[in-house]
Each structure stands twice: as C-alpha cells, then as structure tokens.
Amino acid sequence: MSAFTVYRGRVWHGRSAPAHHQFSYRHAWLALTLLPSQPEPERLRLAPGVSWQRRHHGPRDGSPLLPWLTARLAASGVHDIARVELHTLPSLFGYVFNPVSFYLVFDTAAALRAVWVEVSNTFGQHHDYCLHHPDHRAIDSRDLLDAGKALQVSPFFRVEGSYRFRFLRAADGRFAVRIEYRRDGAHSSFIASQQGTPVPYSPARLWQLLLATGLLSVGVWARIHWQALRLWRKKTPFFGKDGHAATPAPPGELS
C-alpha cells in the first residue's frame, strides 16, 4: 500500500468585498505520497466506504498521476522531482468534491520546489496552477507565489485579478496554506487558509474524523451552498457560470 497520512485541522475563509463575510470549520484530509520508484494505486481503501481514487485527479481518466504531473512540471522548468505529496480529500461511498488539492513537489534534497494546485468549482469545471519561483529556487514558508485567476470558483466573484499563495510544510508534518485573492492587484478581497497536523490513523479514527467534520466532501458541498445563501441574503452580487451578473451590483462595486 502507498504511504499516506491523515490530517486534522481547520479551514478559514474571509472576504472584505463586496460584502464582509467570514467562517471557520473543522477539516480533515489525506496526504498521499507519490514516488517515481513505486507504482501508484488506482484506488486506496482507507476504511469501510472511504477510499482514494486516482480517477478524480490529474487527467481524470484513471491513468497514473506522476508521469502526467512530471511532464507538465518539466514544461514549466521543474525537473528535479524526488517525491510528490498530494493533499486532498478522500471519496465517501464513491463521491468526492475537492475544491482544491495541492501537490507538493520535493527535490532530492527534500526541498519544496513547486506546488501544483488543482482547483474545481461547483459547476463541474477544473483548472490547474503551477507555482514556483522564476529561478526555481526552493520555496520557503515566507515566500509568496502569484498566479492569475483563470477559473470562476465563487459565483460571487468574476474571473479577474490574481491569487497569492503561501505554504508551510514543516519537518514534523505540519501543513498550512494561505491564499489571498486580489481583484485589483493591491487589496485582498478574499483570504482563505487551511492548516493542520498529522494524526494517528486507523479505519475507526478516520470515521470519527469524518463524522466530526460533517462527512468531509458532503460537508464541504453543504457548507459552500449554505455560505452562498448567506452571501445572497447580504445582497452580494451574483455571477453565473458564464461570469455575467445575475443580480445587480451595488453603486461603486462591480460593473
């Protein structure tokens, strides 16, 4: 069986425009290690009804992830790949919704060289971001990595502006990511963070985490729609799948 780690932590979201809104909730996820020297599983059974399935990632056709990822990283100039750590959600009875998955790319010196970010929205669309320094130096926990926004994630923001990422992957296993969204390039309209630590694994403990976090993917999907309802009640401008305004924007806000 491939190596994996179960994480427990929290997710926090906060936005300052066009309406002030924030929330935080308990979260849990899986970190799966991918190695060039080991074959990848198509499916990992983690507990009764809980599994990780390769077909939910990368090209989404069930083919091996590491050759696919290595080719795309090489196109961006990232070549020294010794290990990849995929932080993502497992599926529950075959269902999974992963708003974002992170592939941490480590070199032979165990330094973080790149992060591949796999984003999905509730419209069934996907987009990937390749994050690294222009000179491909190691990524430090103080470093900020930018990427232009290319996918509508929240229907309350248009596809414009950019993201700024900051990552921590400590030697003791602690993981944290902070994402700022800037519509104008200068001021953060939205900030999200995810942080957590490894916990002992057993099928029973995993189910305890599932229940404590609202059944993970099911809870994430439900919370997204509940928070969307709260934003709609605050009269936040809503944009549909095609990015056109479905509700009018307040004066001085989005046009």
With a 6.0 Å cut-off on the ring centroids, do Trp221 and Trp226 count as close? no
Derivation and outcome, side-chain contact (heavy atoms from CB on, under 4.5 Å), residues Tyr7 and Phe175: CA-CA 9 Å; Tyr7 276 76; Phe175 172 79; 3.9 Å; yes
Would Glu40 and Leu34 count as a side-chain contact (heavy atoms from CB on, under 4.5 Å) here? Give the steps. CA-CA 7 Å; Glu40 295 174 17; Leu34 305 176; 4.2 Å; yes
Considering residues, nucleotides and ligands other than Arg26, do more than 12 of their heavy atoms fall under 6.0 Å from its CZ? no
Provide the closest heavy-atom pair for His133 versus Ala138 in the form atom of the first, atom of the second, distance. CD2-O, 3.5 Å
For the pair Arg233 (side chain) and Leu229 (backbone), establish whether a donor and an acceptor sit closer than 3.5 Å, ignoring hydrogens and angles. no
Geometric cation-pi criterion, Arg83 with Phe106: 6.0 Å, 45°: yes
Would you sort out whether Phe167 and Val115 count as a side-chain contact (heavy atoms from CB on, under 4.5 Å), showing the intermediate values? CA-CA 9 Å; Phe167 293 92; Val115 181; 3.6 Å; yes
Look up atom OG in Ser188 and atom CD1 in Ile179, then write down how far apart they are to the nearest 0.5 Å. 12.0 Å
Check whether any side-chain N or O of Ser154 sits under 3.5 Å from a backbone N or O of Phe156 as a donor-acceptor pair, and report yes or no. yes
Examine the side chains of Glu85 and His87 and answer whether a donor and an acceptor come within less than 3.5 Å of each other. yes
Would you say the side-chain atoms of Arg183 and Ser189 include a donor-acceptor pair closer than 3.5 Å? yes
Validation row: Leu69, Val84 side chains within 4.5 angstrom (heavy atoms): yes
Under the 3.5 angstrom rule, does the side chain of Lys149 hit a backbone N or O of Arg182 as a donor-acceptor pair? no
Indicate whether any N or O donor in one side chain lies under 3.5 Å from an N or O acceptor in the other, for Ser51 and Arg45. no
Heavy atoms only: give me the nearest Trp29-Thr88 pair and the separation to one decimal. CB-O, 3.3 Å
On the 0 to 90° scale, with breaks at 30° and 60°, tag the Phe190-Phe157 ring pair as parallel, tilted or perpendicular. perpendicular
Pair Leu44-Leu46, side-chain contact (heavy atoms from CB on, under 4.5 Å): steps then yes or no: CA-CA 6 Å; Leu44 279 178; Leu46 307 171; 4.2 Å; yes
Check whether Tyr25 forms a cation-pi arrangement with Arg223 (NZ or CZ under 6.0 Å from the six-membered ring centre, at most 45° off the ring normal). yes
From the list Phe102, Phe165, Trp68, Tyr129, ring-ring contact (aromatic ring centres under 6.0 Å, His included) partner of Trp116 resolves to Trp68
Can you tell me if Arg10 has over 12 outside heavy atoms packed within less than 6.0 Å of its CZ? yes
Between CH2 of Trp12 and OG of Ser193, what distance do you get to the nearest 0.5 Å? 6.5 Å
Whether the His27 and Thr213 side chains hold a donor-acceptor pair (N or O, under 3.5 Å, no angle test) is what I'd like checked. no
So which atom in His126 and which in Ser120 form the shortest heavy-atom distance, rounded to 0.1 Å? ND1-OG, 2.8 Å
Roughly how far, to the nearest 0.5 Å, is CD of Gln194 from CZ of Arg178? 14.5 Å
For a quick check under 3.5 Å, do Glu118 and His57 share a side-chain donor-acceptor pair by atom type? yes
Walk me through whether Arg55 and Glu42 qualify under salt bridge (charged side-chain N to carboxylate O under 4.0 Å, His left out). CA-CA 7 Å; Arg55 63 184 176 88; Glu42 290 188 23; over 6 Å; no
Here the pair of heavy atoms bringing Arg205 nearest to Pro200 is CD-O, 3.4 Å
If I compare all heavy atoms of Leu131 with all of Asp146, which pair ends up nearest, and what's the gap? CD2-O, 4.2 Å
Heavy-atom closest pair, residues Asp140 and Asp143: N-OD2, 2.7 Å
Flag for His132-Arg137: side-chain donor and acceptor within less than 3.5 Å: no
